[in-house]
Amino acid sequence: MTITRRTFMESALAAGTVLALASALRAQDKQTIRMIMEDIQVFDPVFSTSSAAINHATAIYDTLFALDANLLPQPQMVGKWDVSDDKKTYKFALRDGLEWHDGTPVTAADCVASIRRWGQVEASGQLLLERAADIAAVDETTFKITLREPHGLVLETLATTGQPLFIMRKQDAKRPATEQVTTNIGSGPYRFNADLTKPGARYVYDRNEQYVPRDEPASGFAGGKVVKVEQLIWENIPDPQTALAALQSGEVDFWMTPVADLFPTIESDPGLVLDTLGQNGSDWLVRMNFLQPPFNNVKMRQALLHLIDQKVFLRLLSPDPKFGRTVSSMFGVGSPYSSDVNTDWFKEGGDLAKAKQLIAESGYAGEKVVILDPTDWPEGNLASQLLANVLQKAGINAELAPMTWSELVVRRAKKEPVAEGGWSLLITYFSDFEIRDPMATSLMLMNGEKAWYGWPQNEEYEALRAKWPDTETQEERKELAREMQRIWWDYVGVVFLCQTLTPTARSKSLVDMIRFPSIERPMWNMRKV
Amino acid sequence: MAPYILRRMVSAIAVMAMVGIFVFLLIRLTPGDPAAVMAGRNATEQIIAGIREQLGLNEPLPVQFIHWLSAMLHGDFGTSIFSGRPVLELLLQRLEPTNSLSILTLALSVAVGVSFGIQAAWRAGGLVDRLLTVFSAFGYSVPVFVIGYFLVYLLAISVAWLPVQGYAPIEEGFGDWFSHLILPTIALSLPFIAFVARVTRASMLEVLSEDYMRTAAAKGASSYAMLVHHALKNAGVPILTVIGLSFAYLIGGVVLTETVFNIPGVGRLVVDAINNRDYPIIQSVLILTSGVYVLINLAVDLAYTLIDPRIRY
Amino acid sequence: MISSANIDAVPTTPLGLSNLPRLARRYPLVLLGGGLLMLLIILALAAPLYAGDPQNMDPFVRLQPPSAEHWFGTDNLGRDVFARTVYGARISMMVGLISALLAACTGLLMGVVAGYVHRFDNVIMRVMDALMSIPTILLAIALISLTGPGIGILIVAVTLPQTPSVTRLVRSVVVSVRERPYVEAAVCGGARLPKVLRRHILPSTIPPLMVQSAIVCADAIMIEAGLSFLGVGVPPEIPSWGNMISSSRVYLASAPLTIFAPGIFLTLTVLAVNLLGDGLRDLFDPRAKRRR
């Protein structure tokens with residue numbers, strides 16, 4: 001008994017010394033911004049595409065180019081650049097004053113290694129590497145990309161947003177893309193404070209005093225990254241009620257992902273504000289398995305398109321009509337390529353009679369439809385349950401397969417029939433910003449085995465998509481997009497459930513946050529008043 | 001007594017070995033892929049395969065088991081697949097909330113339970129005794145998450161006397177720490193209070209029927225004062241029993257309580273790890289909790305013989 | 001596992017069933033617990049006769065307060081909370097009763113073997129120790145992760161951690177009975193094992209086993225609810241009290257009935273089983289009642 005108590009006390013004391021450091025963080029001054037962010041399970045932005053990893057990397061790393069508020073690529077680490085007359089050689093010179101958090105200068109060799117590592121995993125980066133004859137450092141601060149053939153999208157690629165090209169030290173970037181970089185040494189506006197960080201609970205970032213911002217004003221991810229506070233603290237508070245209480249009491253200043261059911265409470269609090277920060281939101285969708293019955297039949301896919309009533313899912317996923325809308329273009333709502341080509345025949349869905357007719361025409365004979373249901377992801381779980389209910393009401397033999405997300409990602413890779421452990425339908429969402437780009441987004445591929453889970457195959461569509469990188473102007477791309485969308489909806493590459501806008505919640509004293517359509521957030525420029 | 005201790009220790013080691021093999025197999029045979037979770041929501045198969053290779057998840061099971069066992073025998077519980085941090089470090093960071101909750105729960109249960117039990121035994125069949133019967137029936141029957149939400153609704157949402165949820169480290173102020181722990185401690189303590197009270201009551205009734213008590217009463221000693229005196233002297237046995245029997249149960253209760261009140265303790269660590277298939281964390285927590293359970297029960301058995309001279313092996 | 005029966009000495013008095021009605025009058029707990037349990041079972045079985053469809057979803061009427069149409073209001077998918085609560089009783093009862101039965105059978109078998117066959121005693125009891133040393137909920141979660149949520153694996157996961165307590169109980173009874181003079185005499189007199197079991201050992205084992213089974217049943221119901229509450233128990237589309245509470249956590253302030261309706265039914269059910277267990281113990285061991 002005494003032994004037990006002493007053991008308890010000793011371990012409590014040991015934990016106490018670790019935590020003692022944290023007390024210094026409690027100061028509620030204007031120099032510290034506390035934010036409720038997602039848990040960062042993986043730090044390496046090449047290793048993981050999770051938005052948590054990307055946000056972390058945005059804070060500590062810098063990029064060569066970045067998109068400004070008008071979605072045009074602007075130089076960030078690059079000072080001067082030029083392109084040869086035959087458009088095959090790009091030469092980039094780093095600007096002055098770039099320095100790693102360990103005090104060493106950023107070199108062209110670091111950039112080359114980073115491009116090569118990132119280019120193994122990111123779709124537009126892969127394309128760049130395919131088309132490049134050589135990527136090499138010219139001297140300490142200059143490097144060039146030599147192309148085999150002209151490529152219209154070099155700057156867009158270097159400035160890409162979904163999984164951006166973050167520049168890491170050469171010794172980090174030399175690791176295989178599948179081996180995690182955990183040194184967390186970048187050249188960006190914040191330094192990662194590993195001592196005060198408690199994985200799973202709290203992540204701390206200090207202002208990088210050595211960072212030299214560009215002179216231009218901040219615009220999107222471009223322009224001067226001026227940090228106006230001493231410290232950022234990112235808390236992981238998974239329980240929404242707790243997160244709300246912390247925000248209301250002023251313990252935190254910002255909540256990245258408030259849940260929809262708490263919007264009214266947040267809006268009624270005079271000290272808080274809900275703000276989408278310019279985000280385009282998330283497009284929720286059902287993905288079918290195109291290889292297996294019944295959804296290998298285009299009639300069944302069209303039936304699904306008629307059956308799903310976006311307004312019903314909207315009501316569930318976004319109870320507040322201000323923060324949700326329907327979506328029918330394959331390029332989402334906020335893209336320059338969005339159009340209503342070939343969408344009028346199904347509109348927002350919800351036509352049960354038409355769906356039943358198509359189900360009958362398809363010759364559906366009661367085959368089991370397995371819906372992968374992620375039980376540890378609340379919204380995905382709810383939407384899956386509703387989907388099963390909707391299908392059952394239409395006479396489809398739908399069954400939920402409940403599992404954790406970690407099991408779901410294994411199961412969704414199985415191409416076998418449902419009887420052998422395969423699947424029929426799954427629900428996920430893509431950022432509306434992401435699906436504007438048919439080159440970088442795996443969802444928009446229709447090249448069979450290489451396409452995203454579900455494996456749709458359509459040569460005609462792929463032929464059109466192959467023309468995308470060679471377009472010169474946005475007008476050309478818009479025309480191409482209309483053609484692609486015509487095929488997409490005939491084939492039914494996906495069925496949208498709805499679009500939700502995911503506003504952030506923050507205290508009104510936190511101002512000057514940068515607005516941008518992507519989910520990932522620029523963390524500079526903001527300040528507390 | 002030495003052979004007894006030796007026998008107990010050998011069987012404790014046998015139990016631990018069985019737990020080790022069992023836990024390892026259980027976790028590795030579970031479907032789900034940590035590599036896929038790490039790669040992010042919409043990653044491709046090719047990336048995931050690379051990560052799996054890197055983590056050594058493709059090696060045969062016996063090889064993985066040997067690696068794991070030899071590392072553990074060297075005190076290395078491995079590193080979390082996700083954060084890349086040592087498991088032991090992650091556990092230590094989560095220990096404070098869990099220990100605070102467990103210690104407060106044990107303290108409350110023993111304090112309230114022992115006095116409740118003495119009162120009930122003193123007037124067996126009286127009002128307090130009947131109250132104990134009702135209370136213990138209730139205490140055993142209401143799940144911690146039901147009473148937890150009820151308390152939150154009553155005391156934190158309706159009247160806002162106490163924080164709804166969360167945890168405040170003790171070095172940031174005792175008051176804050178304590179106020180965050182009041183509701184979870186009460187919720188978790190109910191069955192333990194009932195348990196301690198009934199154990200105390202039963203052993204008090206036995207004491208009351210002992211010859212020396214009758215003798216003392218005959219000599220004119222105030223018998224209530226005497227009962228309390230003997231109660232305190234004998235309180236060790238019920239308390240030990242509670243700790244020994246209820247450690248495993250306490251951990252289960254802690255997992256649920258931490259989820260209800262969103263306390264970042266070991267319970268939440270392990271639930272998250274199970275969802276993510278972060279094998280090293282799950283294995284270590286299962287092994288360590290069962291190890292602590294075995295040790296505590298060993299200690300309790302030995303302590304019995306010290307506290308109560310009537311018990312001999 | 002914590003349970004009231006662990007405290008008192010193991011009752012071993014065999015008892016004729018003919019006395020039951022008379023004794024039930026003398027032991028009101030059996031009537032109270034048993035009656036409440038019967039009522040809940042009838043409510044659960046008759047649910048289709050008086051409650052609506054527990055599965056029907058309609059997001060347009062989500063999170064409604066109680067009304068004539070929805071007695072307990074609706075949940076976050078617009079399902080009827082009352083219907084789900086009474087249907088939820090089915091899964092709880094089923095898991096509780098099947099687990100109790102399974103644990104009793106397994107425990108009886110293991111306990112008799114351990115208590116009677118000396119060679120197996122140590123092995124069986126160490127395996128039981130190992131099972132007992134892993135916290136119940138963690139062991140159950142780990143078992144369920146093997147296949148993902150489902151009723152079958154859930155019952156296994158709830159039953160397995162309960163087996164050691166039954167095995168220990170049965171073994172202790174068997175060991176004490178076996179050493180009684182008349183049993184030793186019977187064994188020496190050449191009585192065969194099945195006969196010894198039937199005539200001497202089982203009659204002493206059944207009463208405490210029934211008491212322990214009630215405790216196992218109550219625990220099983222609690223564990224099922226706890227697992228479902230953590231999201232690893234019953235599949236989400238099946239109405240279960242744990243699932244309901246778990247999916248309504250965010251609405252504690254705005255729609256408290258979505259949590260309290262299943263919570264109260266869950267507590268009542270466990271209470272009924274516990275009272276029945278207490279009553280049975282008094283019934284089989286009047287001495288224990290006097291001491292209580």
Side-chain angles (χ1 to χ4, degrees), chain B residues 11-12 14-16 18-19 22-23 26-27 29-32 124 133 136-138 140-147 149-150 152-153 157 191-192 194-195 198-199 201-202 205-206 245-253 255-256 259-260 270-271 274-275 277 282 285-286 289-291 293-294 297, chain C residues 1-4 6-8 29 33 122 125-127 129-143 145-148 161 215 218 221-223 225-226 229-232 241-242 245-246 249 252-253 256 259-260 262-264 266-275 278 291-292:
Chain B
S11 88
V15 167
M16 288 309 301
M18 247 179 288
V19 171
F22 179 71
V23 166
L26 190 64
I27 302 301
L29 295 179
T30 301
T133 311
S136 64
F138 180 71
Y140 289 138
S141 304
V142 56
V144 61
F145 50 95
V146 172
I147 191 70
Y149 281 122
F150 186 72
V152 168
Y153 187 73
I157 292 181
F192 294 95
F195 187 47
R198 287 180 70 162
V199 175
R201 179 184 175 280
L205 285 181
E206 245 166 60
L245 275 177
S246 55
F247 175 77
Y249 184 83
L250 184 68
I251 291 291
V255 171
L256 289 170
T259 307
V260 172
V270 72
V271 171
I274 285 174
N275 282 338
R277 303 279 174 272
I282 313 171
V285 171
L286 288 185
T289 49
S290 96
Y293 174 86
V294 170
N297 277 289
Chain C
M1 199 88 265
I2 287 207
S3 52
S4 40
N6 287 345
I7 301 159
D8 302 304
L29 283 185
N122 228 339
M125 293 324 285
R126 290 302 82 72
V127 171
D129 283 348
L131 276 182
M132 228 173 167
S133 76
I134 304 175
T136 313
I137 286 261
L138 296 186
L139 179 59
I141 296 176
L143 282 171
S145 339
L146 283 175
T147 63
I215 291 156
I221 292 173
M222 288 244 241
I223 296 168
F229 172 71
L230 291 174
V232 293
W241 294 329
I245 294 174
S246 169
R249 296 168 57 187
L252 178 61
I259 289 186
F260 293 139
I264 289 168
L266 172 58
T267 309
L268 278 181
T269 307
V270 179
L271 187 67
V273 179
N274 272 337
L275 289 179
D278 280 1
R291 278 196 293 114
R292 261 170 16 93

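Letters go in sequence order (proteins before strands), and every chain restarts at 1.
Taking Ser246(C), Gly231(C), Gly263(C) one by one and counting their heavy-atom pairs under 4.5 Å with chain B, the maximum is reached by Gly263(C). Contact tally against chain C (heavy-atom pairs below 4.5 Å) for Gly291(B), Ala137(B), Ser136(B), Ala12(B): the top residue is Ala137(B). Contact count against chain B (heavy-atom pairs under 4.5 Å) is highest for Ile245(C) among Val273(C), Leu268(C), Ile221(C), Ile245(C).
Scanning all heavy atoms of the two residues, the minimum distance from Ala130(C) to Val15(B) falls at CA-CG1, 3.6 Å. Nearest heavy atoms, Gly252(B) versus Pro135(C): N-CB, 4.4 Å. Taking both residues in full, the closest heavy atoms of Leu286(B) and Ala142(C) are given as CD1-CB, 4.5 Å, listed atom of the first, atom of the second, then distance. For the pair Pro143(B) and Thr267(C), the tightest heavy-atom approach, listed with the atom from each and the gap, is CD-OG1, 3.8 Å.
Here the CD1-CE distance, from Ile134(C) to Met18(B), works out to 11.0 Å after rounding to the nearest 0.5 Å. Taken from CG in Leu256(B) to CD1 in Ile223(C), the straight-line distance is 10.0 Å, to the nearest 0.5 Å. Separation of atoms CE (Met222(C)) and OG (Ser141(B)) is listed at 6.0 Å; rounding is to 0.5 Å.
Looking at Leu143(C), both its backbone and its side chain come within 4.5 Å of chain B, counting heavy atoms on both sides. In this structure, the portion of Val285(B) lying under 4.5 Å from any heavy atom of chain C is its side chain and not its backbone. For a residue to count as touching a neighbouring chain, one of its non-hydrogen atoms must lie under 4.5 Å from one of that chain's; by this rule Ala218(C) does not touch chain B. Using a 4.5 Å cut-off between heavy atoms, Leu252(C) touches chain B through backbone and side chain atoms alike. Both the backbone and the side chain of Leu271(C) have a heavy atom closer than 4.5 Å to some heavy atom of chain B. Heavy-atom distances place the side chain of Phe22(B), and not its backbone, under 4.5 Å from chain C. With a 4.5 Å cut-off on non-hydrogen atoms, Val127(C) touches chain B through its backbone and its side chain both.
Ring planes of Phe145(B) and Phe229(C): parallel class, angle under 30° (limits at 30 and 60°).
Within the 4.5 Å cutoff, the side chain of Arg249(C) has heavy atoms near those of the Thr259(B) side chain. Two residues are said to be in side-chain contact when any heavy atoms from C-beta on lie closer than 4.5 Å; Val142(B) and Val270(C) fail this criterion.
Aromatic pair Phe260(C)/Tyr153(B): ring centres closer than 6.0 Å.
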